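Residue numbers start from 1 in every chain, and the chains themselves are labelled A, B, ... in the order their sequence lines are given, proteins ahead of strands. What you are looking at is a predicted structure, and each value in this text was computed from that prediction instead of being measured.
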Protein chains: 2
Amino acid sequence: MTDTFVSNPSFFKLDATLKRIRNYWQKTFDANKKDITVDQWLLIENLYKHKKITHNELARLTSKDITTVSRIIELLVKKELVVREGSPQDRRKVYLQLTPKGSDKYKDVRPLVLDMRKTGWSGLTEHDYTELTRILDAIYQNIP
Amino acid sequence: MTDTFVSNPSFFKLDATLKRIRNYWQKTFDANKKDITVDQWLLIENLYKHKKITHNELARLTSKDITTVSRIIELLVKKELVVREGSPQDRRKVYLQLTPKGSDKYKDVRPLVLDMRKTGWSGLTEHDYTELTRILDAIYQNIP
DNA sequence: TAAAATTAGTTGCTAATGCAACTATTGCTA
DNA sequence: TAGCAATAGTTGCATTAGCAACTAATTTTA
């Protein structure tokens with residue numbers, strides 16, 4: 001790998017792309033009055049798939065800090081989309097679950113998300129997706 | 001593009017990779033007592049390259065909101081790494097410039113950044129870099 | 001079994017993000 | 001030229017991020 005290559009700002013491009021996607025998603029949520037943020041959506045998506053998990057597990061699944069998860073969940077509880085339920089076996093643990101309202105929110109928002117993913121990937125191939133995944137995974141693994 | 005493909009969480013992977021990189025950079029800055037954040041570095045890097053620019057131009061160059069730039073600059077001014085200088089021609093404009101201390105900071109931190117980029121890309125080829133750039137640019141352009 | 005270490009989660013703090021609303025200045029236009 | 005629109009930047013607000021320090025509960029170990 002040459003020096004000119006190394007000096008190229010890939011971090012910046014990653015950051016810029018992600019910000020653009022995040023912004024597009026948020027604007028679409030807002031325009032459709034979904035009353036939800038992008039990261040709140042990510043948590044709801046994972047809670048829908050995994051039914052009943054703890055803050056810690058949700059943090060691992062979403063690559064978020066547990067403090068961040070804790071605070072986003074706080075907001076979702078206030079919106080009555082999530083309930084917390086202490087574990088009787090291990091009283092340190094708190095299980096999280098979508099409420100019926102939370103499940104409805106998931107089903108309501110999901111089509112929008114699929115549409116936006118389609119938009120982002122239009123003109124690109126499955127091979128492109130494989131390549132992106134491979135390269136990002138490699139970078140991820142390279143970092144100590 | 002198939003539906004299974006579209007439902008794959010590329011946003012999440014981008015987010016996770018970027019967070020990992022950012023975290024690695026910040027920890028390296030901290031371990032070497034550089035007293036700087038990743039985004040503060042990005043602004044310093046751009047100010048070093050462009051010498052004398054406004055908040056607006058810096059925002060465009062870094063893909064940041066102008067309010068974000070304004071506040072990060074505030075911190076850099078407090079650290080005496082940047083000076084603000086009003087334009088006599090257009091009194092709305094404020095030009096930004098690195099102080100000598102700011103230039104020194106750039107030269108001091110830059111080797112660390114080059115090293116970290118090398119680490120992130122180890123085992124990958126220039127073609128991989130080209131592919132990543134191409135795919136991210138395509139996604140960026142796809143977003144309305 | 002008592003003490004120490006680990007684990008789950010919360011709270012305080014600082015920073016980055018982006019929208020809306022605001023001030024100040026400049027440019028445009030009727 | 002008076003008035004309106006556009007531009008540059010700041011401030012207020014809510015959200016996400018992550019580290020450190022903390023409480024509470026459980027597990028390990030001496």
Output the rounded distance in Å from CZ (Arg22(A)) to C1' (dA16(C)). 11 Å

Which parts of residues 53-63 of chain A get close to DNA chain C, meaning a heavy atom less than 4.0 angstrom away? Thr54(A), His55(A), Asn56(A)

Determine, step by step, whether Tyr24(B) and Arg20(B) satisfy the side-chain hydrogen bond (donor to acceptor under 3.5 Å, both in side chains) criterion, reporting the C-alpha distance in whole Å, the side-chain angles of both residues, the deciding distance to 0.1 Å, and the verdict. CA-CA 6 Å; Tyr24(B) 169 47; Arg20(B) 181 111 169 195; over 6 Å; no

So, is Lys19(A) near the phosphate of dT17(C), with a side-chain N or O under 4.0 Å from OP1 or OP2? yes

Take atom OH of Tyr24(A) and atom P of dG18(C), then tell me their distance rounded to the nearest Å. 17 Å

Is the cationic atom of Lys51(B) (NZ for Lys, CZ for Arg) positioned less than 6.0 Å from the six-membered ring centroid of Tyr48(B) and within 45 degrees of its normal? yes

Lys/Arg cation over aromatic Phe11(B): Lys13(B), 6.0 Å, 45° cone: no

Using a 3.5 Å distance criterion without hydrogens, assess whether the side chain of Lys105(B) forms a donor-acceptor pair with backbone atoms of Pro100(B). no

Roughly how many Å is it from CZ in Arg71(B) to P in dC19(C), rounded to a whole number? 13 Å

Is the charged tip of Lys34(A) near the ring of Phe29(A): under 6.0 Å from the six-membered ring centre and within 45° of its axis? no

Which part of the nucleic acid does Thr68(B) contact within heavy-atom distance under 4.0 Å: base, sugar-phosphate only, or nothing? base

According to a strict under-4.0 Å criterion, is Lys64(A) in side-chain N/O contact with OP1 or OP2 of dT16(D)? no

Min side-chain heavy-atom separation Arg84(B)-Tyr95(B) under 4.5 Å: no

dG9(C) C1' sits how many Å from Tyr95(A) OH, rounded? 14 Å

Correct closest heavy-atom pair for Gly120(B) and Leu124(B) would be O-CD1, 4.1 Å

Give a yes/no on whether any side-chain N or O of Gln40(B) is located under 4.0 angstrom from OP1 or OP2 of dA16(C). yes

Atom-pair distance (CH2 on Trp25(B); C1' on dG18(D)), nearest Å: 18 Å

Distance in angstrom units between Leu43(A) CG and dT15(D) C1', rounded: 13 Å

Does Arg84(A) make a side-chain N or O approach to OP1 or OP2 of dT10(C) shorter than 4.0 Å? yes

Contact check, side chains of Arg134(B) and Asp128(A), non-hydrogen atoms, under 4.5 Å: yes

Which whole-number value in Å describes the distance from Ile66(B) CD1 to dT10(D) P? 7 Å

Distances under 3.5 Å only, N/O to N/O: pair up the protein atoms with those of nucleotides 1-3 of chain C.
none

Non-hydrogen side-chain atoms of Leu136(B) and Glu131(B) separated by less than 4.5 Å: no

Lys27(B) side chain near dG18(D) phosphate (N/O to OP1/OP2, under 4.0 Å): no

Between Asn23(B) and Ile72(A), which is nearer to the 5' end of DNA chain D once each is assigned its nearest nucleotide? Ile72(A)

In whole angstroms, how far is the C1' atom of dT10(D) from the CG atom of Leu75(B)? 14 Å

Among dG18(C), dG18(D), dT17(C), which nucleotide sits nearest the side chain of Asp65(B)? dG18(C)

Assess whether one donor atom and one acceptor atom, taken from the side chain of Ser70(A) and the base of dG9(C), lie less than 3.5 Å apart. no

What pair of heavy atoms forms the shortest contact from His55(A) to Val69(A), and how long is it? O-CG1, 3.9 Å

With distance as the sole criterion, is a donor-acceptor pair present between the side chains of Lys27(B) and Asn23(B) under 3.5 Å? yes

Nearest 0.5 Å, please: how far is CD1 in Ile73(B) from CD in Gln40(B)? 9.5 Å

Within a strict 4.5 Å, meaning less than it, do heavy atoms of the Leu43(A) and Thr62(A) side chains meet? yes

Can you work out whether Asp30(A) or Val94(A) has the more 5'-proximal nearest nucleotide on DNA chain C? Val94(A)

Which pairs, protein N/O on one side and nucleotides 23-25 of chain D N/O on the other, fall under 3.5 Å?
| residue | atom | partner | partner atom | Å |
| --- | --- | --- | --- | --- |
| dA25(D) | OP1 | Arg91(A) | NH2 | 3.2 |

If you compare every side-chain N and O of Thr67(A) against the phosphate oxygens of dA17(D) (OP1, OP2), does one of them come in below 4.0 Å? no

